Structures are given as C-alpha cells and as structure tokens.
Amino acid sequence: MKKIRTRFAPSPTGYLHIGGARTALFNWLFTRHEAGEFILRIEDTDQERSTEESTKAILDAMEWLGLNWDEGPYFQAERVDLHRDLVQKLIKEGKAYYCTCTPEVLEEKRKKAMAAGKKPKYDGTCREKNLGKTAGSVVRFRGAQTGATVVEDLVKGNISFNNEELDDLIIERADGYPTYNFAVVVDDALMNITHVIRGDDHVNNTPRQILLYEALGFDVPKFAHVPMILGADKARLSKRHGATSVMAYKEMGYLPEALVNYLVRLGWAHGDQEIFSLSELVEVFSLGAVGKSPAVFNPEKLLWLNAHYIRETKPEKLCEEMKNFWPAIVAGADADLTKKVIADLQTRSRTLVEMAASADFYFAENLQYEPEAAQKFLQPEAAAHLKEIAARIPAWGNFTKEGIEEFLKSYAHEKEIKLKVIAQPLRVALTGKTVSPGIDEVMVTLGKDIVIKRIHAAADWIAANN
RNA sequence: GGUCCCAUCGUCUAGUGGUUAGGACGCUGGCCUCUCACGCCGGAAACCGGGGUUCAAACCCCCGUGGGACUACCA
C-alpha cells in the first residue's frame with residue numbers, strides 16, 4: 001500500500017484563519033492517524049497578493065496550534081518552471097491551446113450571457129484556431145465536452161458532473177504564471193499527495209482538476225471536502241463575524257488546546273465526547289466521521305472550552321503562558337507568587353486576559369477600593385473586627401487555607417456573628433472588590449505581612465472616611 | 001440564472017427502519033457557600049414541508065422550501 005501523503009496549501013494573502021486552521025487540523029489528524037506524511041505548501045502564484053509576512057504568520061499559527069509538518073514549506077512560485085513545462089507538454093499533445101481573448105472581451109461576453117440567461121462559460125473562440133504564443137495570450141485547457149466526471153469524495157460520497165458544464169479553463173496566465181487549478185494538480189501529483197483534504201468551496205473545481213490529472217497522465221488522488229464554517233447569520237465566516245485569525249485568539253488569551261478542541265468538533269464528532277487531547281484525536285479521528293453540513297462558529301462554546309483548559313492546565317505551565325498577559329508590575333514578582341495567583345484564579349477565568357485583569361489586586365502597591373465596595377463594607381462597625389483580626393494574625397501559626405478558614409470561623413463563633421459579616425469587609429480590605437477568590441485563598445497567596453498591612457490600611461481608611 | 005452541496009433543540013452534534021430522539025454550549029430552577037466562580041442535581045428547547053416505500057421512517061426514494069459554495073488571467 002502506498003504511503004499516505006497529505007498537504008495543507010494555504011495562499012499567503014493574509015493570516016491563518018479559523019476555517020483554514022480546521023482544514024489544516026483535519027489534514028494533520030488524518031495523516032498522523034494513518035502514520036503518513038503531512039506536507040506544507042504555500043500557494044503564492046498570485047504575485048499581486050502574496051506576501052512574506054503572511055507566510056510567516058501562517059507558519060507561526062500552525063506552530064502555535066501544534067500542527068507540525070514533515071516536508072516543506074514548499075513555495076509554489078518556485079516551481080513555475082515545472083508548471084510551464086507541463087503546460088507545453090499539453091500544448092504539444094493538443095490538450096491545451098493559446099487563447100488571445102482579452103479579459104475585457106471575456107467580461108463583456110459573460111455579462112451578455114448572464115443577461116440572456118445562459119451559462120457564462122468560455123465560448124471556445126480560440127479553441128480551434130491553433131494560435132501561437134503572443135504577448136498577452138493565455139493557455140487554456142481543452143476540456144472534454146461530453147461525458148461526465150465523477151468525484152469520489154470521502155466525506156460527501158460520489159458527485160457527478162456533466163463535462164459540458166466545464167469550460168476550457170485558463171491554466172497559464174498572460175504573465176506566464178500557472179493558475180490555481182493547474183498548479184495545484186501538478187504539485188499534488190508531483191508531491192505524491194494521496195489524499196486531498198480541503199474546504200468544500202473546492203468541490204466545483206474538482207472535476208476540472210480530475211480531467212487535468214488524466215490529461216497529464218497522473219494518478220487521481222482521493223478527495224475529501226470538508227464543509228465550510230459559517231457565521232451566526234449562516235453566511236461564510238468572515239471578519240464581520242468577529243475575530244477570524246488564529247493568532248488573534250492567542251492574543252485574546254485562548255489556549256491552543258481549546259481552539260483545537262473546538263475546531264475539531266465543528267463538523268466532526270466521536271459519539272458524545274466533547275473533550276479531546278491532541279493525542280487522543282490522533283487515535284480516534286477519521287474522515288468518515290466528518291459531517292456533510294456546514295457549521296456555525298459559536299464563540300460561547302469556544303470560551304467554555306478555553307475556561308475548561310485553563311482550569312485543567314497545571315499552574316506551572318500557565319505561568320509560562322501568562323507571561324505576555326500580566327500587568328507590568330508582575331515582571332519582578334517571584335514565580336512562587338504568580339503560581340499561587342494563577343491557582344486562585346483558574347476556576348474564575350475564561351481567558352488569560354481575564355485572568356490577568358482579575359489578578360491586579362494581588363500586585364497592587366497601594367490598593368484602590370472600588371467605591372461601591374468600600375461604601376458598603378468598609379463601615380465603622382467592621383473596623384473593630386478588622387483591627388482585632390489583624391492583631392491576632394501574627395500569632396496564628398497555621399497560615400494555610402484550612403488554617404485560615406478555621407481561624408475565621410472560630411473568630412466568628414467567638415463574636416457570635418455570621419462569617420459573612422467579617423468576610424466581605426475583609427475581602428474589600430484585601431482585594432478592593434466585592435468579588436474575588438475565596439478569602440482564605442487570597443490571604444494565603446498574599447502572605448501574612450501584606451494581609452496585616454492591608455487590613456490596617458482598610459481600618460485607617462474607615463477612620464478617615466467616617 | 002446555471003452547476004454542485006447541505007438540512008435533528010438558538011448553536012455544535014449523537015442517531016444509519018422499531019429510542020420516553022441522547023450529549024454539549026448557552027438559557028433557566030435548586031444545592032453547595034465568605035463573594036464570584038468551580039462542582040452537583042433538575043427544567044425549557046429539535047427531527048424544514050409534502051408525497052411515497054414499509055407492519056413500522058429522523059433514518060430509504062421523489063418533489064418542494066430554505067441555506068451555502070462555485071460560476072476570475074484569486075486560491
């Protein structure tokens with residue numbers, strides 16, 4: 001049996017977007033599952049729109065997602081000699097011909113045909129003229145005009161096209177560069193790609209490509225067209241639906257595991273399972289389980305998955321991830337402290353950005369109180385409790401989560417008050433907010449000294465403001 | 001317009017002739033509780049419509065309807 005070889009072939013005309021990432025992911029999973037080889041090829045034959053920055057951005061995003069490749073990146077534009085040779089071969093064999101119709105004339109004819117309610121396909125003006133190469137001429141493929149071409153698709157099943165629907169597509173442009181449909185066939189064939197997995201916006205191109213494979217004498221690979229990703233309005237996902245760049249999600253504080261897990265569940269399922277690690281996916285992924293219908297991108301569920309992975313990830317590892325998100329003051333903080341802060345915040349953060357935002361009070365030199373919080377809880381009746389607690393803490397030996405809980409409870413019991421009577425004022429004193437991690441966790445993380453200092457500061461504040 | 005694809009809760013989906021149509025996100029009631037989360041228990045919520053085939057159809061067939069893609073000297 002032939003070794004499985006797949007490829008991801010983005011065009012470097014922008015960042016790697018969500019849809020492309022999922023296509024890459026499906027390719028990668030299928031290949032790793034089959035122990036095949038995954039090739040990366042940059043389709044940069046559009047000289048106008050391709051940029052190096054885009055190429056780099058795509059590579060970065062692939063790496064961030066953990067989608068490594070075995071060969072490449074190859075650059076299609078560096079292979080034009082190959083393409084041109086094969087174009088010449090087709091011309092010699094009478095399977096392609098020069099065409100001198102100008103884009104303007106073609107556009108005109110298209111409009112007319114549309115207006116008359118006819119198919120806007122190339123009318124074959126130059127098909128039998130046997131023209132030679134001239135300035136501005138292009139090369140067209142002489143397509144079959146009868147019969148049918150069947151695409152045997154691994155996810156959609158057999159799709160049949162009447163060849164008369166297919167017109168003579170341009171395979172080499174006036175500038176001497178091959179067009180997509182030609183270059184992709186040549187490269188996939190020459191790179192021994194066995195399975196072409198791509199978005200289903202390509203299904204209509206596939207019969208022409210099959211004809212090209214056959215004309216060139218190449219084996220036709222297997223095809224798998226995965227459905228599109230749509231926005232909330234069911235239109236193809238685009239910028240107006242929100243962030244579509246993979247790296248934008250990194251910047252917004254998403255973990256790659258979350259994005260991968262979310263993306264794979266768009267159009268693919270394994271029973272009722274929702275959570276998958278990359279290695280687990282490699283084990284269970286199959287193209288047969290890919291659905292046929294398009295999926296709407298749902299940011300809420302992504303957020304849930306991200307929260308899940310933030311909760312599940314070890315604080316040590318999150319420390320690393322958090323480096324780009326912490327406020328500036330954290331730079332000098334010691335790793336032990338940041339680890340504790342992360343542990344406190346893990347169940348309460350849906351993104352790393354959120355986590356950083358809710359961590360600021362830990363590092364504040366002079367804690368600011370939220371006005372409503374201070375007004376409600378930093379009242380004279382709380383001051384005595386705060387002072388007494390601060391006075392007792394130094395002697396309290398067991399300064400752990402459990403120890404503090406015990407300390408607070410026994411204090412409340414002794415004073416015959418509810419725990420919450422002192423918990424909220426303490427919370428405001430220590431965090432400046434009414435919402436925070438558990439008061440015991442906060443105290444442990446902050447440490448005795450800062451706790452005492454902040455409680456005194458709150459008592460002073462009460463005295464000064466009443 | 002033509003060609004092609006698609007169709008189960010709002011969304012992602014399980015389901016391949018006989019199920020109280022299952023799970024997840026979101027929404028929602030409750031429990032837990034020092035606040036907020038987490039967690040746990042419960043609820044509302046779907047087979048696009050019409051014809052067939054069959055003892056029996058979400059599942060098979062046909063026709064509608066709706067959505068999407070393509071229709072470039074873009075990929």
Side-chain angles (χ1 to χ4, degrees), chain A residues 9-13 43-46 48-50 76 99 101-103 106-107 110 113-121 136-140 151 153 156-157 159-162 165-167 169-181 183-184 198-207 225 227-228 230 232 234-236 262 265-275 291-305 307 311 345-350 358 373 377 405 408-409 412 418-428 431 433-440:
Chain A
S11 62
T13 53
E43 310 230 313
D44 54 352
T45 50
D46 183 346
E48 300 281 308
R49 302 193 302 150
S50 298
Q76 198 159 54
C99 167
C101 297
T102 64
L106 258 18
E107 186 54 33
R110 246 195 299 278
M114 285 282 245
K118 290 194 205 144
K119 307 175 212 287
K121 56 182 265 190
S137 66
V138 300
V139 180
R140 284 183 187 272
V151 178
D153 194 281
K156 299 200 182 263
I159 308 168
S160 178
F161 294 84
N162 285 323
E165 298 294 338
L166 282 22
D167 59 357
L169 78 161
I170 292 173
I171 57 177
E172 188 177 285
R173 290 186 277 232
D175 65 5
Y177 278 85
T179 55
Y180 165 74
N181 279 299
V184 78
R198 69 217 323 189
D200 76 3
D201 47 337
H202 289 280
V203 287
N204 286 293
N205 286 323
T206 309
H225 287 100
M228 303 270 83
L230 276 23
K234 305 261 185 177
R236 189 181 179 145
Y262 179 71
R265 285 286 290 104
L266 238 36
W268 176 87
H270 184 65
D272 281 342
Q273 192 173 342
E274 294 287 349
I275 306 295
K292 299 178 179 187
S293 46
V296 174
F297 184 79
N298 182 345
E300 292 290 321
K301 189 159 182 182
L302 207 207
L303 207 48
W304 170 75
L305 273 164
R311 242 178 279 134
L345 263 17
Q346 268 182 302
T347 62
R348 292 160 244 263
S349 310
R350 295 181 303 174
S358 44
F377 295 108
E405 198 182 336
L408 258 19
K409 282 196 171 141
K418 295 258 196 197
L419 183 55
K420 56 171 64 171
V421 172
I422 49 170
Q424 282 304 76
L426 255 182
R427 188 185 316 283
V428 178
T431 72
K433 311 176 202 187
T434 55
V435 171
S436 81
I439 204 70
D440 43 9

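Bear in mind that the values here come from a model prediction, so they are computed numbers and not experimental data. First the proteins, then the strands, lettered A, B, ... as listed; each starts at 1. Just so you know, these numbers use all the heavy atoms, side chains as well, and skip hydrogens, waters and symmetry mates.
- Of the candidate nucleotides B:U35, B:C73, B:A75, B:U35 has the atom lying nearest to any side-chain atom of A:Q424.
- Residue A:N205 is in base contact, counting any heavy-atom pair closer than 4.0 Å across all strands shown.
- Put simply, CZ on A:R348 is 16 Å from P on B:U33, counting in whole angstrom units.
- Distance alone, capped at 3.5 Å, places no donor-acceptor pair between the A:D440 side chain and the A:E405 backbone.
- The minimum heavy-atom distance linking A:S50 with A:D44 is given by the pair OG-CA, 3.4 Å.
- Nearest to the side chain of A:K409, among B:A75, B:C34, B:A69, sits B:C34.
- In this entry the distance linking CG of A:L345 with C1' of B:C38 reads 13 Å, nearest Å.
- When both pairing distances are held under 3.5 Å, B:G1 makes a Watson-Crick or G-U pair with B:U71.
- Nearest nucleotide to the A:E165 side chain, out of B:G2, B:C4, B:C34: B:G2.
- In this structure, B:U16 forms no base pair with any nucleotide, since neither Watson-Crick nor G-U wobble geometry is met with both distances under 3.5 Å.
- Comparing B:A45 with B:U13, their P atoms are spaced 23 Å from each other, to the whole Å.
- A:C99 comes within 4.0 angstrom of nothing in the nucleic acid, heavy atoms only.
- Rounded to a whole angstrom, the distance from the P atom of B:C36 to that of B:G18 is 48 Å.
- Across every strand in view, B:G39 sits in a pair with B:C31 that passes the Watson-Crick or G-U test at under 3.5 angstrom.
- Nucleotide B:U11: paired with B:A24 (Watson-Crick or G-U wobble, both distances less than 3.5 Å).
- A donor-acceptor contact shorter than 3.5 Å links the side chain of A:R427 to the backbone of A:P437.
- Residues A:D46 and A:Y177 have side chains not in contact (no heavy-atom distance under 4.5 Å, counting atoms from C-beta outward).
- Whole-Å rounding puts the A:E48 CD to B:A75 C1' distance at 14 Å.
- Within 4.0 Å of A:D440, counting heavy atoms only, lies at least one base atom of the nucleic acid.
- Residues A:I275 and A:L305 form a side-chain contact, since some pair of their non-hydrogen atoms from C-beta on lies under 4.5 Å apart.
- Atom CG of A:D200 and atom C1' of B:A7 are 14 Å apart (whole Å).
- One can place CD1 of A:I159 at 12 Å from C1' of B:C70, the figure rounded to the nearest angstrom.
- Annotation: side chain of A:Y180 is not in contact with side chain of A:Q76 (no heavy-atom distance under 4.5 Å).
- Shown here, B:G66 forms a base pair with B:C6; the pair counts as Watson-Crick or G-U wobble because both key distances fall under 3.5 Å.
- To the nearest angstrom, C1' of B:C73 lies 13 Å from CG of A:D167.
- Within a 6.0 Å radius of CZ in A:R198, other residues, nucleotides and ligands contribute more than 12 heavy atoms.
- Checking A:F161 against A:V138, the closest nucleotide of RNA chain B that is more toward the 5' end is the one next to A:F161.
- Considering only side-chain N and O atoms, A:K292 lies under 4.0 angstrom from the phosphate OP1 or OP2 of B:C6.
- Checking side-chain atoms of A:T13 against main-chain N and O of A:R49 turns up no donor-acceptor pair under 3.5 Å.
- Side-chain contact between A:H225 and A:I159 is absent, with no heavy atoms from C-beta onward closer than 4.5 Å.
- Rounded to whole Å, the C1' atom of B:C61 lies 26 Å from the corresponding atom of B:G2.
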Can you build the contact string for nucleotides 8-13 of chain B? Use B for base contact, S for sugar-phosphate-only contact, and - for no protein heavy atom under 4.0 Å. ---BBS
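- Of the P atoms belonging to B:G26 and B:A37, the separation is 12 Å, rounded to the nearest Å.
- At the heavy-atom level, A:R110 lies under 4.0 Å from the strands shown only through sugar-phosphate atoms.
- For A:R311 and B:C38, a side-chain-to-base donor-acceptor distance below 3.5 Å is absent, hydrogens and geometry of angles not being considered.
- The phosphate of B:A75 (OP1 or OP2) has a side-chain N or O of A:T45 nearer than 4.0 angstrom.
- The same atom, P, is picked in B:G67 and in B:C62; the two are 22 Å apart, to the nearest Å.
- Atom CD1 of A:I170 and atom P of B:U71 are 13 Å apart (whole Å).
- Distance noted for atom P between B:G10 and B:A44: 15 Å (whole Å).
- The minimum heavy-atom distance linking A:A174 with A:V138 is given by the pair N-CG1, 3.6 Å.
- Nucleic acid contact for A:T347: base, since at least one base atom lies under 4.0 Å from a heavy atom of the residue.
- Under a 3.5 Å cut-off, the side chain of A:Y262 and the backbone N or O of A:F297 do not form any donor-acceptor pair.
- If you check every strand for non-hydrogen atoms under 4.0 Å, A:H202 touches a base.
- At the heavy-atom level, A:S349 lies nowhere under 4.0 Å from the strands shown.
- Checking A:K420 against A:P178, the closest nucleotide of RNA chain B that is more toward the 5' end is the one next to A:K420.
- Looking at the side chain of A:W304, the nearest of the listed nucleotides B:U35, B:C5, B:A24 is B:A24.
- Looking at heavy-atom distances under 4.0 Å, A:P437 makes contact with a base.
- Here B:U71 presents its C1' atom at 12 Å from CD of A:E107, a figure rounded to the nearest Å.
- Look at the P atom in both B:A72 and B:G15: the space between them is 38 Å, to the nearest Å.
- B:C70 and B:A46 are spaced 34 Å apart, taking the P atom of each and rounding to whole Å.
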